[in-house]
Amino acid sequence: MNIKMQKISVVIIAVVLCVATFVLPAKADQPFMQSALNDLKAAHSYLKKATADKGGYRQQALDLVRDALSETQKGIEYDRRN
């Protein structure tokens, strides 16, 4: 194959890769899990800003939300691998 054909082949491959990367619609990366993750982050932020005089329930809620954040992230990562 001569040099001109090699260059044409490289250009064609580059165009196909660009089309596949930028034009074809991408699958949403778990939109419900991402929404849950964002809501949990917001809840954690609000709980941190709340006053501490809640009989220990605020701290317990912070711990539970932190655990839920971790578990949600693990679920997202698991789904990406499987």
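The residues of the chain are indexed from 1 along the displayed sequence. Values reported hereafter were calculated over all heavy atoms of this structure, with side chains retained and with hydrogens, waters and symmetry mates removed.
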Whether N82 side chain and Y78 backbone form a donor-acceptor pair below 3.5 Å = yes

Distance col, row L62:CG vs K54:NZ, nearest 0.5 angstrom, shows 11.0 Å

Going by atom types only, do D63 and Q59 share a side-chain donor-acceptor pair under 3.5 Å?
-> yes

Value for CG (L40) from CG (L47), rounded to nearest 0.5 Å, stands at 10.5 Å

For salt bridge (charged side-chain N to carboxylate O under 4.0 Å, His left out), just list the numbers for E77 and R80, CA-CA rounded to whole Å, side-chain angles, deciding distance to a tenth of an Å, and then say yes or no.
-> CA-CA 5 Å; E77 291 168 6; R80 286 177 182 161; 5.9 Å; no

For residues I76 and Q34, determine if any side-chain heavy atom of one lies less than 4.5 Å from a side-chain heavy atom of the other.
-> yes

What about M33 and V65, same hydrophobic cluster or not, with Ile/Leu/Val/Met/Phe/Trp/Tyr joined at side-chain heavy-atom distances under 4.5 Å?
-> yes

Look up atom NZ in K49 and atom NE2 in H44, then write down how far apart they are to the nearest 0.5 Å.
-> 12.0 Å

Roughly how far apart are S45 OG and K41 NZ, rounded to 0.5 Å?
-> 11.5 Å

Verify salt bridge (charged side-chain N to carboxylate O under 4.0 Å, His left out) between R58 and D53, making sure each step is shown before the conclusion.
-> CA-CA 8 Å; R58 174 185 158 271; D53 59 343; over 6 Å; no

